[in-house]
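Atoms within each ligand, like the ligands themselves, are counted from 1 in listed order. All values below come from the heavy atoms of this structure, side chains included, with hydrogens, waters and symmetry mates left out.
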Amino acid sequence: MDEINDPSSQPLDEAPELSLQQFEEEGFQHVNNPIVGMKPIVKKYLTAIKDYVQKDNSFYFSDGEARVEVRVVSDEIIRIRLAPHGVFLDEFSYAVEKPAQRVTVFSFKEDEDNYRVLTNTVTCVISKKDFLISFVDNHEFVVSQDAFPMHWEENTEFGGYYIYCTKQARADESFYGLGDKTTDFNLRGKRLVNWNSDTYSFARHQDPLYRTIPFYLGITNNTSYGIFFDNTFKSQFDFAQEQRDKTSFWADGGELQYYYIHGPHMMDVVKRYHTLTGTHPMPPLWALGFHQCRWSYYPESKVKNIAKNFRDRKIPCDAIYLDIDYMDGYRCFTWNKKYFPDPKRMIKELADDGFKLVVIIDPGIKVDDNYWVFKEGKEKKYFCRRCDDYLMEGYVWPGRCQFPDFTNPEVRDWWGTLFKELTDVGVAGVWNDMNEPAVFGTGTFPVDVRHDYDGHHCSHRKGHNVYGMQMVRATYEGLKKNQKNKRPFTITRAGYSGVQRYSSVWTGDNVATWEHLKLGIIQCTRLSVSGIPFCGTDIGGFSGEPDGELFTRWIQFGVFTPFMRAHSAGDTKEREPWSFGPELEAINRKFIELRYRLLPYIYSTFWEHHKYGFPILRPVMMVEQEETSNHYRENEFTFGDKILVCPVTDYGARKKVVYLLKGDWYNYWTHELLQGGREITVDAPLDSMPIFVKAGSVIPESPLMQYVGEIDVDELMFQIYYSSYEVNSFYYEDHGDTFAYEQDIYLEKKFVVNGDATSMTIRQSIEGLFTPRYETYDLKLICLPFNPSRVIIDGKDYTGSLEVDNLQRVRIKTSKNFRYIQVLA
Ligand code: GLC
C-alpha cells in the first residue's frame, strides 16, 4: 500500500511495533479484522434456574438473564415460552384466539432439584440445575422431556434469534401430524420444513408444500401427546432423524413458544388441539356433495353443457367451478363478458337446475390504473411494500401484480367487501388459490416485504406462512357479512394452524398417478389428525392423464374424503365422470350416488367435528394406537367412527388386504359379518371397494338425489346393524345452510343398539330445537341372528310385515319420536 497517498494510514513513526505473532498471542484473530474482540456467535443454552415468580396461572423462571414462562392453559395443556433476554413478545397468535380460556385447578411444588407445576392430569417438571423441562402423567410416566435446555442463536442479519427445542425420542416413539406432508404417515426418521410453497406436480417426500401446521403428535408406551409450536417463521422439525434418540423443532425467528397437549389417547390430543385453534364451522350441506372443477370451464355454453350432462346422465353433482379464465384478463372480481355476458342469469339458470357456482379468487391484483380493485387498493395503501417502501410487485396470472396485505385487519375488511358483486349475482362459494403467496419466477415474496400482522409489524419472514390463512379469513368473513345468515363456502390452498376456522382445503397440484392416489390417503388422513378436517385431493390428479381405472378408483376414494372435488389442469384432456366410456361412467355414478346416500351420515360426522373436535377421517393407528403394528399403516381409515374403508390404489388390483379394527364389522356390500383385529383379504372388483360398517351402527341414509335439496325428505331412512354388544350412534340435522345451529336450532339424536341371540333393542333420545318436515322413519334392521316374530315400539305391538329380504334385512316403519324398540325372536 502507498502510505503517503492513503489518508487513513498512520504516520510511520506512530505505527504500533507489534508483529502478527504478537497480535495473535494477545487474542486477536486478524490484524485488520474490524470486529476484533467481538465474541463469535454461538448457540446459547438456558443455564441453572436462579429464581421464579408466579402470576395467575403462569410461572416465570429465570436463569439470571433468560426467562421461561410455564402457563397452565387447561388440565391437559401447558404452554412454554422462552425470552432469551427476559422480555416476552406481546401475546398474539393467529392460530390460538384465546390462550387462557380454561384456567383450572393447579398447584406448585418445589424440592431440592425441581420445580413442579401440577394439574389434575399432567405435571410439568422444571429441573433447577439445567432448566430441562419434562411432562409427566399421573402414573409417573415421563411422556416428553427435553434432551437439552432450550437454546437460541442471535440472528445478526435480521435481529432476534433462531430458536431451538430438543427433546428425547424414545426407541418405541412414533410421530404424526404436520399437515399435508407427502412423506410416510409415521414421521419417525424424517426432517421437515414449514414454508408455504407453490409446488406444482409435487412428488412423494417433497417438502415443504402449501401449508404450515406446526403441530405433531407423539406416541410412546401407548401414551399420546401433542406439541403445537405456534411460530409462523420458517420452522423445521426433526423426528429422530439426525439422532435416533432426539426430536427437535426450531424456527428462524419469533418466540420459542409451544403447547404441550396431553393425551393419553391420540383422539384426546386432537380434540384438545381444537380447543386451542378452533374447529371448522358447519359447512353448507351442499358443500358435502360432489363438486366438478376444471381449469377452466368457459364460455357459458361449456358450463351449461357440463351441467346438462350431469343431469341427463343422472350423476349427482352440487357445484361447478370457474377457474381463472372467467375473469377479464385474470383481474379478480371481474368477468370476461365475452365468455360470460350475463353471469347473474347464468347462475340463476344453474341454480334452477340445482347447481352452485364456485369461483376462484387469487391474491395478485393486476397493476392497472383502469381497474377499480387496483385503484382502490392503491389509494388506500393496502398493498404490501418492501423494506425500502417500494411496492411488492411480481408476476402471476394477470401479469404484473401487487398484493393486499391480508395481515392488516382494515385490508381484510376491504377485501371482504369486494365480494359483494359476486355474491349479488349469486356466486355460492369462493376458491382462494396461489396464496402461499405464489409469484412466478421467484416462487414467493422476498423476505424483506413488510406486514402489518394485526399491528405487530413484521417482515415476510414472519408473515409468509400466515398470508394465505389471512386471505381466506378475509374471504370467509366478507362472504359471511354479504350472505347474511348463510354459511359461506371457501376453499384455500395455503394455510396455517387455525385455518380450519375459515376454510376447507385441497392438497394442491397433484399428479394423475397411482402413487398420488396413495399419497392422497396419507395427506388427507394426516391433515385430519393435524386439525384440518375438511380436506380433499384433486380427484383424478391435477396434471397428467389418468386412465379410466385410476379415475374410477380415485372417485371411490373421493367418496370418503370430507371434500369431494374432481379437478384437472388446463393442458389435460377433458375429464368428467363420463369421460372414460359407459362402463366406467356407471361405476362412477354408483359411487357418487353412494356419497349422496351417505350425506346425512357425513353431515352428522361433521357435527361431531364442529361441536366436539373429533377428526372426520381417522387412520386406524389413531383408533388403535395400542397396537404398535398399526403405527406404520397408511391405507385404512374410518370416516367418522362407523365406516371403515380401504381404497384400492393399485392398477389391476381386484383384491385388497385390509386391516379391520377390533370388534365386529359388516361388509357394506354383502352384509357378511366379520371379526376385526386382523387383516383380511377382500374382493375388490372395479365396481366395488372395501367398505365396512361397525356392528351396532345406526347409519342415516338419504334417498337418492341429484343435488342437495332436490327432494324434501318425508321419511328418514336408517340402516341399523345388529350387534351383540351395546353401541351408540349419533345423528345430526339442521337447516343445512344457516347459522341457526349456533342458537341450538338443530336436532342431535342418539341411538343405542344392543342385542343377544333372541332379541335386539334400539333406544332413541333427542336433543335440540329443530323441527324436521318428516314424521316417520323407515328402519332397515340388518343381519338379525334370529327370525323376528314380534316388534314392540314404545310398548305397542308393530303390525307391519317382518319379512327378511335376501340381504338379511327387515324393514319397519316408526314414528320419528320413538323411544324404545324391541325386536324379538
Ligand atoms: C393452480 C391451482 C390449480 C388451478 C390453477 C389455475 O395451479 O393449484 O388448482 O387450477 O392454479 O388457476
Quiz prompt | Residue contacts for ligand 1, heavy atom to ligand atom, distance under 4.0 Å | solution =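 Ligand 1 is contacted, at a heavy-atom distance under 4.0 Å, by W295, D323, I324, I360, W397, W431, D433, R493, W506, D509, F542, H567.
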
Self-check item: For R412, all residues meeting salt bridge (Lys or Arg N to Asp or Glu O under 4.0 Å), sequence neighbours excluded
Solution: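 Counting only residues at least two positions away or on another chain, R412 forms a salt bridge (Lys or Arg N to Asp or Glu O under 4.0 Å) with D454.
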
Quiz item: Shortest non-hydrogen contact from S504 to F489?
Solution: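 Answer, listing the atom of S504 first, then F489: OG-CE1, 3.8 Å.
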
Quiz item: Will you find, in the side chains of W195 and T212, an N or O donor that is under 3.5 Å from an N or O acceptor?
Solution: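 Absent: no donor and acceptor within the cut-off.
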
Quiz item: Between D318 and Y596, does any side-chain donor sit less than 3.5 Å from a side-chain acceptor?
Solution: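 Yes - a donor-acceptor pair under 3.5 Å links their side chains.
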
Practice problem: Go through the structure and list residues passing ring pair (Phe, Tyr, Trp, His ring centres under 6.0 Å) with Y453, not counting sequence neighbours. | Solution: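 By the ring pair (Phe, Tyr, Trp, His ring centres under 6.0 Å) rule, Y453 matches F92, Y94.
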
Quiz item: Looking at residues at least two apart in the chain, or sitting in another chain, which of them share a ring pair (Phe, Tyr, Trp, His ring centres under 6.0 Å) with F637?
Solution: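 For F637 there are no ring pair (Phe, Tyr, Trp, His ring centres under 6.0 Å) partners, ignoring immediate neighbours.
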
